[in-house]
Protein chains: 2
Amino acid sequence: MRYSNATNYALHTMVHLMLQPGGSSVGVQELAELQQLSPTYLSKILTKLTKAGWIESTPGAKGGYKVSRTKHEISFLDVIHAIEGDTSLFDCSIHHEGCLIENVMRQAEENMKRELESKLLIEIAKEAESQQNEEKS
Amino acid sequence: MRYSNATNYALHTMVHLMLQPGGSSVGVQELAELQQLSPTYLSKILTKLTKAGWIESTPGAKGGYKVSRTKHEISFLDVIHAIEGDTSLFDCSIHHEGCLIENVMRQAEENMKRELESKLLIEIAKEAESQQNEEKS
DNA sequence: ATATTATAGACATTAAGAGTCTCTAATATC
DNA sequence: GATATTAGAGACTCTTAATGTCTATAATAT
Ligand code: SF4
Ligand code: SF4
């Protein structure tokens with residue numbers, strides 16, 4: 001019971017793109033090298049993010065990926081949702097009416113999601129940026 | 001990203017055992033029929049619960065499983081933990097010091113676990129019992 | 001002693017995640 | 001317009017974990 005590696009890659013890439021000066025595009029080649037994984041695999045992940053609207057892609061020379069204009073509103077949950085889909089952690093196929101067990105599990109999951117929804121990627125990006133600046137000085 | 005079926009089976013079995021009058025033992029055969037799965041498979045799951053201390057087993061004729069004496073203190077999280085292990089939902093193998101992403105994920109997971117820890121199985125069992133009584137009357 | 005029941009472990013099957021490879025489509029540059 | 005560059009799509013393989021089966025062993029009641 002773990003979040004997939006793909007989610008991890010997606011989160012890292014998002015933060016990295018947010019740190020690009022002027023919101024310039026970065027190719028999948030470069031992004032893949034940073035995380036030491038194959039470009040084609042990362043490409044699949046980024047396509048999901050593109051379809052979800054969290055990044056924008058432009059093919060061709062000088063193309064690549066850049067974070068979308070909703071940059072300041074993208075939460076952790078948004079990214080996770082784009083990669084993992086909207087499946088529930090606990091999924092009993094039967095669904096008895098008024099199921100007590102399911103209620104508890106759903107409630108707990110909600111608590112987690114609320115937290116993930118309230119945390120914006122931009123906050124992390126900014127913190128990471130200021131950490132880097134501290135190291136330089 | 002789902003909890004395993006095994007966890008579901010475990011939760012159901014726990015509630016069922018809590019509803020046994022006088023805390024009498026029930027064989028895996030009967031428990032398996034209730035959930036329509038093979039006795040040997042359920043057996044593996046119940047062994048985990050036994051080792052975790054949430055149920056007690058007695059081999060031999062008239063043996064079976066019964067809920068442990070800590071009956072009134074067993075939480076959802078206890079059972080889940082016994083089956084799923086204590087792995088974290090988000091597990092980056094690198095663990096950079098002071099990692100910001102990991103912090104957020106851990107925090108969110110904590111929120112879920114707190115809820116699962118606060119919910120006791122006995123509450124569900126009692127609710128289920130009173131629901132059954134209502135139906136009878 | 002015998003029947004009954006849990007436990008252990010080897011084994012097979014299935015499903016999902018992770019990753020590769022190749023071909024196509026779109027774009028910039030010359 | 002030709003060419004280089006880049007994303008997207010899809011078939012494919014590999015790996016891992018969950019799921020489940022089978023058989024043999026150990027413990028207990030009668
Ligand atoms: S009681 Fe709830 S969790 Fe259990 S089988 Fe019914 S719907 Fe599923
Ligand atoms: S920043 Fe955090 S999540 Fe990312 S690689 Fe480092 S430890 Fe892992």
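A, B, ... follow the sequence lines: proteins, then strands. Residue 1 opens every chain.
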Using whole Å, report how far CZ of Arg2(B) lies from P of dG17(C). 10 Å
Euclidean distance, atom CG of residue Leu37(B) to atom C1' of dC22(D) [Å, nearest integer]: 16 Å
Provide, to the nearest angstrom, the distance between the CG atom belonging to Asn5(B) and the C1' atom belonging to dT14(C). 12 Å
By the 4.0 Å heavy-atom rule, please label Tyr9(A) as base, sugar-phosphate, or nothing. sugar-phosphate
Are Thr50(A) and Glu56(A) linked by a side-chain donor-acceptor pair shorter than 3.5 Å? no
Contact under 4.0 Å: Ser57(B) side-chain N or O vs dT7(C) OP1/OP2: yes
Without decimals, in angstroms, what is the distance between Lys51(B) NZ and dA6(C) P? 15 Å
Pull out every residue in residues 80-90 of chain A that has a heavy atom closer than 4.0 Å to any atom of DNA chain C, ordered by number, or say none. none
Does a side-chain N or O of Thr47(A) approach OP1 or OP2 of dG8(D) to a distance below 4.0 Å, or not? yes
Hey, is the side chain of Tyr41(B) poking within less than 4.0 Å of OP1 or OP2 on dT7(C), counting only N and O atoms? no
Donor-acceptor pairs are to be reported for all side-chain atoms of residues 25-36 of chain A against protein atoms at under 3.5 Å, with residues two or more places apart or in another chain.
| unit_1 | atom_1 | unit_2 | atom_2 | d |
| --- | --- | --- | --- | --- |
| Gln35(A) | NE2 | Thr13(A) | OG1 | 2.9 |

Hey, does the side chain of Ser4(A) come within less than 4.0 Å of dG17(C)'s phosphate (OP1/OP2), counting only N and O? no
Gap between atoms CD and P, on Gln29(B) and dA3(C) respectively (whole Å): 17 Å
Report yes if a side-chain nitrogen or oxygen of Ser38(B) is closer than 4.0 Å to either non-bridging phosphate oxygen (OP1 or OP2) of dT21(D); otherwise report no. yes
Quick one: are Pro39(B) and Leu42(B) in side-chain contact, heavy atoms under 4.5 Å? no
Cationic N near anionic O, under 4.0 Å, Arg106(A) to Glu110(A): no
Do Asn103(A) side-chain atoms and Leu100(A) backbone N/O form a donor-acceptor pair below 3.5 Å? no
Has the side chain of Thr7(B) got a donor or acceptor atom that lies under 3.5 Å from a matching backbone atom of Tyr3(B)? no
Does Lys62(A) have a side-chain nitrogen or oxygen under 4.0 Å from the phosphate oxygens OP1 or OP2 of dA26(C)? no
Side-chain N or O of Lys44(B) closer than 4.0 Å to phosphate OP1/OP2 of dC11(C): no
State whether Tyr65(A) places a side-chain N or O below 4.0 Å from either non-bridging phosphate oxygen (OP1 or OP2) of dG8(D). yes
So which nucleotide from dA27(D), dA29(D), dC21(C) ends up closest to the side chain of Thr40(A)? dC21(C)
Output the rounded distance in Å from CG (Leu46(B)) to P (dT5(C)). 15 Å
Rounded to whole Å, please give me the gap between NZ in Lys48(A) and P in dG19(C). 13 Å
DNA chain C: Ala6(A) or Thr58(A), which has the more 5' nearest nucleotide? Ala6(A)
Using salt bridge (Lys or Arg N to Asp or Glu O under 4.0 Å) as the criterion, list what pairs up with Glu123(B), not counting sequence neighbours. none
Is the closest side-chain donor-acceptor distance between Ser75(A) and Asp78(A) under 3.5 Å? yes
In whole Å, I'd like the distance from the NZ atom of Lys66(A) to the C1' atom of dT27(C). 13 Å
